[in-house]
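Scroll down for the structure; my scribbles are underneath it.
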Amino acid sequence: MNNGSIGAFDSGLGGLTVVSQIHKYLPDESIVYFGDTGRVPYGSRSNETIIRYAKQDINFLKSKDVKIIVAACGTVSSVASNAANGLDIPFVEVVTPASEMAAKTTKNGNIGVIGTAATVASHAYKNRIIGIDKDIQVFEQACSLFVPFVESGFIDPNDPLVEGIVRRYLDVFTDKNIDTLILGCTHYPILSPIIKKVMGEGVTLINTGEAAALKVKEILTNGDMLAEKKGESHFFVSDTTQTFMQTSEILLGKSLDFDVQKIDIEKY
Ligand code: DGL
């Protein structure tokens with residue numbers, strides 16, 4: 001047993017969709033979350049910068065004595081998971097568990113992947129899936145406007161503007177006959193109802209947060225590291241806490257009952 005917290009970080013608020021999956025599968029665990037809201041987005045930056053940021057994010061969570069660290073960010077998981085090299089506690093990124101889940105889910109061997117520009121340019125999901133089964137065909141698409149839409153609260157499935165943007169990006173899959181689509185960025189589950197509507201019932205959406213939460217559960221269970229009693233969760237950001245409160249209500253789909261503190265991430 002280990003009553004320490006699960007540490008999770010993202011470039012901003014998208015990682016809260018991972019937190020909500022951790023709450024679902026591990027309701028007795030407490031969480032320390034860091035959202036790098038002062039430096040979001042990561043997805044349009046160079047790999048060197050993303051790795052440097054990820055190292056600082058990991059150092060911050062280490063300073064909070066967490067028992068496991070989750071990169072709750074598709075971009076960090078795709079291009080910067082080596083930032084965790086040498087870490088003396090378990091580390092979970094989202095690419096591997098989501099790729100395994102997608103490879104298990106597909107029936108016709110055609111998988112789509114959507115993510116940020118950096119994620120898609122890295123081909124991380126594609127390479128991982130082909131490593132599992134070289135006969136699977138993987139089709140990738142960067143959806144750069146999805147993150148700003150979610151961050152701005154444009155998520156209504158009945159809003160023709162949002163549907164138009166989603167259709168514009170996902171049109172590329174029309175003739176690919178995919179039956180599985182990885183939402184390779186942690187913001188995207190918020191757009192699931194619209195993505196589902198556009199892709200149709202025949203396409204299964206893979207929520208990277210769910211895949212990662214199940215991996216965390218497996219590691220904590222096998223390592224006898226589950227909490228005996230729930231402690232407090234703590235949330236930290238690198239920019240104004242006001243925006244975090246507003247947007248996180250959209251992402252978590254409920255009012256917040258926790259405190260948010262601002263920290264200086266450059267110190268880590
Ligand atoms: N949360 C990031 C991801 O999962 C998207 C936002 C960003 O570009 O930093 O890729």
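Here, residue 1 is the first one in the sequence, and each next residue gets the next number. Just so you know, ligand 1 is whichever comes first in the structure, and atom 1 is the first atom listed for that ligand. These numbers come from a predicted model, not from an experiment.
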Find all atoms of ligand 1 within a distance of less than 4.0 Å from any non-hydrogen atom belonging to [X], and give their numbers and elements.
| X | result |
| --- | --- |
| Pro41 | 7 (C), 8 (O), 9 (O) |
| Thr75 | 3 (C), 4 (O), 10 (O) |
| Thr116 | 5 (C), 8 (O), 10 (O) |
| Asp10 | 1 (N), 2 (C) |

Considering both backbone and side-chain atoms of Tyr42, is one of its nitrogen or oxygen atoms within less than 3.5 Å of a nitrogen or oxygen in ligand 1? yes
Polar proximity ligand 1 side, Thr119 side, N/O cut 3.5 Å exclusive: no
Shortest protein heavy-atom distance from [atom], along with the residue and atom involved:
| atom | value |
| --- | --- |
| atom 6 (C) of ligand 1 | Ser11 OG, 3.5 Å |
| atom 5 (C) of ligand 1 | Cys185 SG, 3.4 Å |
| atom 4 (O) of ligand 1 | Gly74 N, 2.7 Å |

Does the Tyr188 side chain pair with the main chain of Gly115, one donor and one acceptor, at a distance under 3.5 Å?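 Confirmed, Tyr188 side chain pairs with Gly115 backbone.
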Checking Tyr125 side chain against Ser78 main chain: does a donor-acceptor pair fall under 3.5 Å?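 It does not hold such a pair.
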With a 4.0 Å cut-off, would you call Glu93 and Lys215 a salt bridge?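 A salt bridge is absent here (no side-chain N lies under 4.0 Å from a carboxylate O).
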Is Lys197 salt-bridged to Glu163, cutoff N-O under 4.0 Å?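 Yes, this pair counts.
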Scan side-chain atoms only and decide if [X] and [Y] contain a donor-acceptor pair under the 3.5 Å cut-off.
| X | Y | answer |
| --- | --- | --- |
| His234 | Gln261 | no |
| Ser30 | Ser5 | yes |
| Thr116 | Thr119 | yes |

Any heavy atom of Cys73 closer to ligand 1 than 4.0 angstrom? yes
If hydrogens are left out, which of Gly12, Ser44, Gly14, Gly43 has an atom nearest to atom 8 (O) of ligand 1, that is, the closest non-hydrogen atom? Gly43
In this structure, is the centre-to-centre distance between the rings of Phe236 and Phe34 below 6.0 Å?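 Ring-ring flag for Phe34/Phe236: false, centres at least 6.0 Å apart.
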